[in-house]
Colleague: 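I am attaching a structure below and will ask some questions about it afterwards.
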There are 2 protein chains.
Amino acid sequence: MARAGLTAERVTIAGAELADEVGLDRVTMSQVARRLGVKDASLYSHVRSLEDLRGRIALLAADEKTIRIAEATAGRSGKDALIAFADAWREYAHQHPGRYMATQTPIQIDPELAADAPGPRRAVELTYGMLRAYGLAEPDLTDAVRLLRSTFHGFVALEAAGGFAHARSPQHSWVRALDALHALLEHWPPSREGDSS
Amino acid sequence: MARAGLTAERVTIAGAELADEVGLDRVTMSQVARRLGVKDASLYSHVRSLEDLRGRIALLAADEKTIRIAEATAGRSGKDALIAFADAWREYAHQHPGRYMATQTPIQIDPELAADAPGPRRAVELTYGMLRAYGLAEPDLTDAVRLLRSTFHGFVALEAAGGFAHARSPQHSWVRALDALHALLEHWPPSREGDSS
DNA sequence: TTTGCTTTCCTAGGATCTCTAGGTTATATC
DNA sequence: GATATAACCTAGAGATCCTAGGAAAGCAAA
């Protein structure tokens, strides 16, 4: 019997494709096996469990998203970089809803696997790099990075969950949110604040 | 045989408790039934399916979160209200991680069920009310509401997913994020922007 | 070629899960 | 008490996850 040439990576990609097509929680070992023309038991030589597979999909997504962002922001700075960064993030989430959702699951990823996955760490570094132009110093820098990442993630997550019902198009709100964040970064409030009106 | 007194609401609450204890994706019909001292088939008189149950948990969470926020912001305004609003949101997510995660699933909730669940809509109204003090007019108001909700959700979601690795405590970043959002709302950038440096 | 090792993929099967069909029995109402 | 309406049950089909152990494909060396 000819071999299918399975590998952990190919199984992960098949799972990721399935997640994008039918939704992450419809990704089952059986379905992935079926897509690969293989029996479900065969997958367990490459992937420890369904949970492990989901973790791998999450890491794949993080890596891919990071690469997209790196490409989009290359050679840009300031507001240009901010917009390129944010748009690349959002576009990835739109194009790969299943993979993106995998990144939202509480951390249960095999540590040794995560170790040589550059995605998440590199993404944070990229964010730091982008913010250098705004002249922030630690710890404000870290706080700003976290604020940006929260907003980007929150926006696309709410968008995906149907949180922005009707009325105004999300695209408009997105553009304005980036305007606002840019303005905010240029006038980052000083640390010691009492109660100004 | 004595009856258990099941009802759609009690089933939902049992599912929500289970979600908080063991994680949303470990909530099964069998487990919920076991917790209620009942056979799994009995649940289907009250809840259409597992997916339906998850939808109900999501609505329950939205309602509960809204109530907490309403209580926390009552009688406050301006930055006080903003902080109370945000802290209530985040505390709910911390106290009820499973329920909160249920709200993140793509919308598949029974429309007629959602109709008389005041949670989501009321939450948006509360956000609008809180922002009145900042003197924003439409469509900036809607954009600001969406930005705030995105940031709040994104922050707690990243926090829950282990996104804020080490170093600086999330609590510090949270306080600073609220400072920043307050400053932003007080100086919301005008709509037509070219390329200022 | 032959021998042997390693890895890949398989069959078989236990445990658990979702959900349906249909039967009992508790409870409320007359 | 009689009766209707639920609530809850048993039984079972179909899928799922995952393990154990076997067959066979590919590779290396004699």
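Proteins come first, then strands; the chains are lettered A, B, ... in the order of their sequence lines, and each starts at number 1.
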Colleague: Can you see if the side chain of B:T28 gets near the phosphate of C:dT16 - specifically, an N or O under 4.0 Å from OP1 or OP2?
Modeller: no
Colleague: For a side-chain contact (heavy atoms from CB on, under 4.5 Å) with B:D52, tell me which candidate from B:T12, B:V11, B:V47, B:I57 qualifies.
Modeller: B:V47
Colleague: Using 4.0 Å as the upper bound for N to carboxylate O, is an ion pair formed by A:D179 and A:K79?
Modeller: yes
Colleague: Please determine whether a side-chain nitrogen or oxygen atom of A:S45 lies at a distance below 4.0 Å from atom OP1 or OP2 of C:dT7.
Modeller: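 Checking C:dT7 against A:S45, no side-chain N or O comes under 4.0 Å of OP1 or OP2.
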Colleague: Closest to the A:Y44 side chain: C:dC19, D:dC18, D:dC9?
Modeller: D:dC18
Colleague: Write down the distance between CG (A:L36) and P (C:dC10), rounded to a whole number of angstrom.
Modeller: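 In whole Å, C:dC10 P and A:L36 CG are 11 Å from each other.
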Colleague: Quick check on C:dC9: is either OP1 or OP2 less than 4.0 Å from any side-chain nitrogen or oxygen of A:H46?
Modeller: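 A:H46 to C:dC9 OP1/OP2: side-chain N or O found under 4.0 Å.
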Colleague: Are A:H182 and A:Y134 an aromatic pair, judged by ring center distance below 6.0 Å?
Modeller: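 Yes; A:H182 has its ring centre under 6.0 Å from that of A:Y134.
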Colleague: Rounded to whole angstrom units, what separation is found between the NZ atom of B:K39 and the P atom of C:dC17?
Modeller: 12 Å
Colleague: So, does A:S42 get its side chain near the phosphate of C:dC10, meaning an N or O under 4.0 Å from OP1 or OP2?
Modeller: yes
Colleague: Measure from CZ on A:R54 to P on D:dC17 and round the result to the nearest Å.
Modeller: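 After rounding, the gap between these two atoms is 10 Å.
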Colleague: Which part of the nucleic acid, if any, lies within reach of A:R34 when heavy atoms closer than 4.0 Å are counted: base, sugar-phosphate only, or nothing?
Modeller: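 Touches sugar-phosphate only.
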Colleague: Answer yes or no: is there a donor N or O on one side and an acceptor on the other, between the side chain of A:T7 and the main chain of A:R10, under 3.5 Å?
Modeller: no
Colleague: Tell me the interatomic distance from A:M29, atom CE, to C:dC10, atom P, rounded to whole angstroms.
Modeller: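 A:M29 atom CE is separated from C:dC10 atom P by 14 Å.
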Colleague: Assuming nearest nucleotide by heavy-atom distance, tell me which of B:L6 and B:D40 is located more 5' along DNA chain D.
Modeller: B:L6
Colleague: Starting from P on C:dT20, measure out to CZ on B:R48 and report it in whole angstrom.
Modeller: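 These atoms are roughly 10 Å apart.
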Colleague: Whole angstrom is fine here: how far is it from CG in B:L43 over to P in C:dT20?
Modeller: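 Nearest whole value for this atom pair: 13 Å.
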Colleague: Would you classify B:Q31 as touching base, sugar-phosphate or nothing, given that sugar-phosphate means primed atoms plus P, OP1 and OP2, and contacts are heavy atoms under 4.0 Å?
Modeller: sugar-phosphate
Colleague: I need the CG-P distance between A:L50 and D:dC18, as an integer number of Å.
Modeller: 6 Å
Colleague: In whole angstrom, give the distance that lies between atom CZ of A:R26 and atom P of D:dT16.
Modeller: 12 Å
Colleague: Shortest non-hydrogen contact from B:F155 to B:P170?
Modeller: CZ-O, 3.5 Å
